[in-house]
Number of protein chains: 2
Amino acid sequence: MSVTRERIIELGENLILTKGYNAFSYQDISTELGIKNAAVHYYFPTKANLGTSIVKTNILRFEEMIDNMHSRGFDEWKQLDAFIKIYIKSNREQKLCIFGSLGPDFDTLNENTQNELVKMTELIVNWLTEILTSGKEKGFFVFNEDAHNKAAMIFSSLVASLQLSRIVKNFDYKSFCQAIQEGLKS
Amino acid sequence: MSVTRERIIELGENLILTKGYNAFSYQDISTELGIKNAAVHYYFPTKANLGTSIVKTNILRFEEMIDNMHSRGFDEWKQLDAFIKIYIKSNREQKLCIFGSLGPDFDTLNENTQNELVKMTELIVNWLTEILTSGKEKGFFVFNEDAHNKAAMIFSSLVASLQLSRIVKNFDYKSFCQAIQEGLKS
DNA sequence: TTGGATACTTACTTATTAGTAAGTATTTTT
DNA sequence: AAAAATACTTACTAATAAGTAAGTATCCAA
């Protein structure tokens, strides 16, 4: 596939994660890549196409990560840890996650982009619910809440704390993530 | 104070909570109020002025709620419950909260709006930290995490789950909030 | 070597945006 | 009754947005 196409997706994603979907323009992308506005439209006729492709890329990336962890035989702790490490990296790079960025703009998104975002979100929450359930069965995790609620709690915590971390000074993101993990022990 | 001015703030806030800051325009407001574009600029010369006023209004509203709860002698459980009820109401109205809406757009906001948003966020998180701390001392709440992290966890959970609720079908927001409260018991 | 696919650029259009200057009607104050 | 403040409207401007039609250069395959 085209290098330019991939760079547009990468840059578009970064723009969504920093400025938000409705604040970035094709001009932002074309200027950064040293190409013209119309060249971006050549690959992605509409902004909705680009948005949808970015979410689809995130879905693929997540599915690959899960496959990878399964083939490496990661246990529930290791899987949760790998997931949390994604957020620690995002925080280090001063970025939000794709759900936290696109979520608030949901109503303004194209139907296809909305559908992909729903798919991605359900994929993540269902996966989290599953590893919490099996991890609890194996005695790894201890919690009283319904597994789906617990998954939603952990996911929500990670998502919104990326925003908290940008806004509240001296917010210790790593310590926060450790607290989430500690909370699953006793 | 002017009725129109207050209606602009109210409508502006609703637009932020549903479409997001960068997706709403003065036209949206003027059309809805049956006035002209320039009339909105008469009260709020720039969009940044309006944004800042909306956040300031939220700060005042929150401070009034705290004062009110103190004068009514609310204990820590009742205070937390009142706070959570705000979110349950927002969810019922299919709205996000002001932090969850403006947070992702932080970098695109005017400096004054940013400062007010920081103020509001610290106000909420510090208040939550305080009632968690005193509630734990009194034996009301049980948790092992650092109080500040626990406050950030509860706040983040409430914020991002409003987004989850709009996106994941059959998400039971009330049950989710109950799980948060149950988690503070044993 | 020629036809077509690929990867763009040039040069637009149309719509929407935030914002403003100047004017007007109404109410309030002096 | 006159002056001034209030609450707008009219009529714009300048910038930026998404999007498009038509053209060009390069490369690859038949």
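In the text below, chain A, chain B and the rest are named by the order of the sequence lines, each starting its count at 1. This one's a predicted model, so the numbers in the text were calculated from it and none came from an experiment.
- The side chain of His41(B) lies closest to dG19(C), out of dT9(D), dG19(C), dT20(D).
- A distance of 6.0 Å or more separates the ring centres of Phe44(A) and Tyr26(A).
- At dC8(C), one or more side-chain N or O atoms of Thr4(A) fall inside 4.0 Å of OP1 or OP2 (strictly under the cut-off).
- Other residues, nucleotides and ligands contribute at most 12 non-hydrogen atoms within 6.0 Å of the NZ atom of Lys36(A).
- Across all strands, Tyr42(A) comes closer than 4.0 Å to base atoms (heavy-atom distances).
- Arg7(B) places its CZ atom 9 Å from the P atom of dC8(D), with the value rounded to the nearest Å.
- One interatomic measurement links the two molecules: CD of Glu6(A) to P of dA7(C), which rounds to 12 Å at whole-angstrom precision.
- Across the protein-nucleic acid pair, Lys36(B) atom NZ and dC12(D) atom P stand 14 Å apart, rounded to whole Å.
- When each of Ala38(A) and Ala23(A) is assigned the nucleotide of DNA chain D bearing its nearest heavy atom, the one mapping closer to the 5' terminus is Ala23(A).
- Atom pair Phe44(A):CZ and dT20(D):C1' shows a separation of 18 Å (rounding to whole Å applied).
- The distance between atom CG of Leu50(B) and atom C1' of dG19(C), rounded to the nearest whole Å, is 14 Å.
- Between Tyr43(B) and dC8(D) there is a side-chain polar atom (N or O) within less than 4.0 angstrom of OP1 or OP2.
- Distance, Tyr26(B) OH to dT13(D) P: 22 Å, rounded to whole Å.
- Atom CG in Asn22(A) sits about 15 Å away from atom P in dT16(C), given to the nearest Å.
- Test Thr52(B), Thr108(B), Asp105(B) against Thr113(B) for side-chain hydrogen bond (donor to acceptor under 3.5 Å, both in side chains) and you get one pass: Thr52(B).
- The residues Glu116(A) and Lys119(A) are annotated as salt-bridged, a charged nitrogen and a carboxylate oxygen being separated by less than 4.0 angstrom.
- Close to dT17(C), at under 4.0 Å from its OP1 or OP2, lies a side-chain N or O of Ser25(B).
- Note that the CD atom of Gln178(B) and the CD1 atom of Ile84(B) stand 10.0 Å from one another [nearest 0.5 Å].
- Within 4.0 Å (heavy atoms only), Phe24(B) reaches sugar-phosphate atoms of the nucleic acid but no base atom.
- Here the C1' atom of nucleotide dT16(D) and the CD atom of Gln27(B) are 16 Å apart, to the nearest Å.
- The shortest distance between the side-chain N/O atoms of Lys47(A) and the OP1/OP2 oxygens of dA18(D) is below 4.0 Å.
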